[in-house]
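Predicted model only: the values in this text are computed from it and were never measured. If you read the sequence from its start, that first residue is 1, and numbering goes on from there.
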Amino acid sequence: MKTLLSTLIACAALQAAAAECIVPSKPGGAMDLTCKLAREGLKGEADAPALRLSYLPGGIGAVAWHSMAAQRGSEKDTLVAFSGGSLLNLAQGKFGKASANDVRWVAALGADYGMIAVRSDSAFRHLADLLDALRRQPEKVLIGVSGTIGSQDWMKMALLARGAGIDPKVLRFVALEGGGEAFTAMHANHVQVVSGDASEATLYAGAGKVRVLAVLSEQRLPGVLSLAPTAREQGVDVVWPIIRGVWMGPKVADAEYQRWVGSFERMTSNPDFSRLRAAHGLYPFTLTGQALTDYIHKAVADYNRQARQFKLIR
């Protein structure tokens, strides 16, 4: 009995000491991947506590944002994953009156890129096949995206359509909660196309379940997606980079914030981190602390200008 009690007490103490990384979506998507990368990378940092994952989906990140910013803003060991999509939502007013000043930006862990995928048995073998179908019968092609109109997945497909002379208003989108749910819907044939992220596609492409029609990068990506052509080389000049990282609540003390910034600086400068980042389907892009905060403010302003082109600002 004493042994069991001691074990339970030890487990409870360990859980209490563990830090938390909140995934603001359902399991299986790129936000999930970001927290898992942080957890694995921090294992080698002596001053960093173990990182446990929790899931707080809803509103394409809005629930997690408001929960942390308003109710849990002083938690010193709680991180929240973010992406370029989070910044796009901020730029469009999808988080209400929230702004980039409402949280503390800790670290960007890597870069991702947009991509367009179909099932491996799809009749769409190239991006041109999909675009031709969207010109002829757009109502027959359901496109799975994480989020609603104006989300970054919506924007990727809208930009591709516009670049090919197709009015984005005729496209049929199915709003889903995260990339994992979008790929699940495609495998069940509820949607025929997924507009998502390269990191998500690497989870499925290696198993031969999906065909990536285009990656939205400047040049072809290494690794699992090395054979996937860019949209540019197929005649549609669309590039969509996505940063991935973590933030903290606005009331975290400076000393605690800087402790986390320092942990991530050491983690990302470790030579082993490059291998770990690549294994998680991400590409080099690292910023921390004030440098990341400055980047975030510029990115939100850029997204705001882009969103205005589609008349998406609330």
Side-chain angles (χ1 to χ4, degrees), residues 19-27 29-39 41-42 51 53-70 72-73 75 77-96 98-114 146-147 150-153 155 177-180 196-200 240-250 252 257 260-261 264 267-268 277 280-283 285-304:
E20 180 182 12
C21 189
I22 295 176
V23 180
S25 66
K26 293 183 179 180
M31 292 289 200
D32 193 6
L33 179 148
T34 301
C35 278
K36 288 177 179 176
L37 173 59
R39 180 179 63 187
L42 288 170
L51 201 61
L53 273 59
S54 61
Y55 298 86
L56 191 57
I60 314 303
V63 171
W65 181 278
H66 291 297
S67 174
M68 283 301 301
R72 303 171 59 185
E75 294 184 7
D77 285 326
T78 302
L79 306 168
V80 184
F82 78 91
S83 73
S86 310
L87 308 184
L88 181 61
N89 285 340
L90 279 176
Q92 294 179 22
K94 289 192 173 182
F95 290 175
S99 79
N101 294 316
D102 292 346
V103 302
R104 308 199 74 170
W105 304 96
V106 179
L109 307 183
D112 201 349
Y113 292 92
S146 177
S151 69
Q152 68 167 344
D153 289 349
M155 289 284 287
E177 185 71 44
D197 304 331
S199 60
E200 296 167 346
W240 191 275
I242 308 157
I243 69 166
R244 299 207 174 279
V246 293
W247 55 263
M248 303 182 75
V252 174
Y257 170 71
W260 278 107
V261 168
F264 278 107
M267 181 191 87
T268 55
R277 179 180 56 211
H280 284 73
L282 296 183
Y283 306 91
F285 184 89
T286 302
L287 286 175
T288 57
Q290 189 59 50
L292 174 61
T293 302
D294 293 342
Y295 175 94
I296 295 294
H297 282 87
K298 182 181 182 303
V300 170
D302 290 342
Y303 280 132
N304 183 277

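Note: D32 CG to L37 CG = 11.5 Å, rounded to the nearest 0.5 Å. To the nearest 0.5 Å, atoms CG (L87) and NE2 (H297) are separated by 10.5 Å. Expressed to the nearest 0.5 Å, how far CE of M31 lies from CG of L56 amounts to 12.0 Å. The NZ atom of K36 sits 12.5 Å away from the CG atom of L51 when rounded to the nearest 0.5 Å. A distance of 7.5 Å separates CG in L33 from CZ in R244, rounded to the nearest 0.5 Å. With rounding to the nearest 0.5 angstrom, the CZ atom of R39 is 12.5 Å from the OG1 atom of T34.
Residues Y283 and R277 approach most closely at O-CD, 3.7 Å, considering heavy atoms. Of all the heavy atoms in L53 and C35, the pair that sits closest is CG-CB, 3.8 Å. Annotation for A69 and P250: closest pair O-CG, 3.6 Å, computed over non-hydrogen atoms. Taking all atoms of both residues into account, the shortest heavy-atom contact from Q92 to G150 is NE2-O, 2.6 Å. A30 approaches S199 most closely through the heavy-atom pair CB-OG, 3.6 Å. Nearest heavy-atom pair, V246 versus A81, reported as atom, atom and distance to 0.1 Å: CG1-CA, 4.2 Å.
At least one donor-acceptor pair under 3.5 Å links the side chain of Y257 to the backbone N or O of W105. D112 contributes no side-chain N or O that, together with a main-chain N or O of I242, makes up a donor-acceptor pair within less than 3.5 Å. A side-chain donor-acceptor contact under 3.5 Å links S151 to the backbone of S146.
Inter-residue side-chain proximity for F264 and L79 is flagged as met; some heavy-atom pair is nearer than 4.5 Å. Residues W247 and D102 form no side-chain contact, since every pair of their non-hydrogen atoms from C-beta on lies 4.5 Å or further apart. With contacts defined as side-chain heavy-atom distances shorter than 4.5 Å, the pair D153/D197 qualifies. Counting heavy atoms from C-beta outward, M155 and W240 have side chains that approach closer than 4.5 Å. Looking at R72 and I22, their side chains come closer than 4.5 Å, going by heavy atoms from C-beta outward. Counting only heavy atoms from C-beta outward, the side chains of Q290 and V261 never approach each other to under 4.5 Å.
The closest side-chain donor-acceptor pair between Y303 and N89, if any, does not fall under 3.5 angstrom.
Classified by interplanar angle (parallel below 30°, tilted 30° to 60°, perpendicular above 60°), the ring pair F95/W65 is tilted.
Salt bridge annotation for K298-D302: present, with a cationic side-chain nitrogen under 4.0 angstrom from a carboxylate oxygen.
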